[in-house]
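Values below: every heavy atom of this structure, side chains too, minus hydrogens, waters and symmetry copies. Please read all numbers here as calculations on a predicted model, not as lab measurements.
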Amino acid sequence: MFTHLTDFKFRRTTKQAVGFYIVYLMGTVLLAGLISYIYMSMSGQSFSPEDESFSAGARVGSKVVMVIVLILSILILNAKKLTHNSRSIIIVLIAVAFTFVGGGLLGFIPVAYLTTLESLKKVKEI
């Protein structure tokens with residue numbers, strides 16, 4: 001379930017895609033939280049939920065998640081040689097749109113689906 005997590009060319013089963021989703025979602029949550037914390041510390045804002053600065057940190061975190069979803073999708077498409085496949089590009093756009101609506105919880109679903117697609121084979125030239 002948690003094998004080949006950094007091999008973006010690897011074609012995953014549904015079970016392995018779920019493991020990919022879980023690991024990358026948790027890693028992104030930690031990274032987004034860390035970046036938000038650093039941003040808030042450098043700007044001198046507090047972290048109380050009643051304060052408006054807490055919302056600012058959440059906005060920074062959501063932008064970080066969106067960037068990670070986009071970068072991860074592009075890495076997968078490049079590794080699988082699917083960058084010229086319109087269906088795959090639409091899936092990436094759906095992932096970004098899902099990130100706007102539901103953050104990483106929804107945004108990583110299409111990304112995990114991309115990992116289940118087969119790589120395009122290189123055509124041999126004659």
| said: Looking at every non-hydrogen atom in both residues, tell me the closest pair between Ala112 and Tyr21 and how far apart they are. | reply: CB-CB, 4.1 Å
| said: If you apply the rule side-chain contact (heavy atoms from CB on, under 4.5 Å), what do you find for Thr116 with Thr14, and how did you get there? | reply: CA-CA 7 Å; Thr116 65; Thr14 304; 5.5 Å; no
Could you give the side-chain donor-acceptor pairs of residues 24-34 under 3.5 Å, partners two or more places apart or in another chain?
residue: Tyr24; atom: OH; partner: Leu5; partner atom: O; Å: 2.9
residue: Thr28; atom: OG1; partner: Tyr24; partner atom: O; Å: 2.7

| Between the side chain of Lys80 and the main-chain N/O of Leu117, is any donor-acceptor distance below 3.5 Å? | yes
| query | Donor-acceptor pair, Ser36 side chain versus Gly61 backbone, under 3.5 Å? | reply | yes
| task | Would you check, one step at a time, whether the test side-chain contact (heavy atoms from CB on, under 4.5 Å) holds for Ser119 with Lys81? | result | CA-CA 6 Å; Ser119 299; Lys81 302 194 184 334; 5.9 Å; no
| request: For Val69 and Phe108, run side-chain contact (heavy atoms from CB on, under 4.5 Å): C-alpha distance rounded to whole Å, both residues' side-chain angles, the deciding distance at 0.1 Å, then the answer. | output: CA-CA 7 Å; Val69 164; Phe108 275 105; 3.9 Å; yes
| field | Nearest-0.5 Å distance, CG of residue Leu77 to CG of residue Leu120 | value | 10.0 Å
| field | Glu118 CD to Arg11 CZ distance, which is reported to the nearest 0.5 Å | value | 4.5 Å
Name every donor-acceptor pair, under 3.5 Å, that has one atom in a side chain of residues 84-106 and the other anywhere in the protein, sequence neighbours excluded.
residue: Asn85; atom: OD1; partner: Arg87; partner atom: N; Å: 3.0
residue: Arg87; atom: NH2; partner: Tyr113; partner atom: OH; Å: 2.5
residue: Thr99; atom: OG1; partner: Ala95; partner atom: O; Å: 2.8

| Only one of Leu72, Ile71, Ile76, Leu70 forms a side-chain contact (heavy atoms from CB on, under 4.5 Å) with Ile74, so which one is it? | Leu70
| message | Less than 4.5 Å apart, side chain to side chain, heavy atoms only: is that true for Thr13 and Gln16? | response | yes
| said: As a quick check of understanding, evaluate side-chain contact (heavy atoms from CB on, under 4.5 Å) for Val111 and Phe20, giving each step before the final call. | reply: CA-CA 9 Å; Val111 176; Phe20 179 89; 3.9 Å; yes
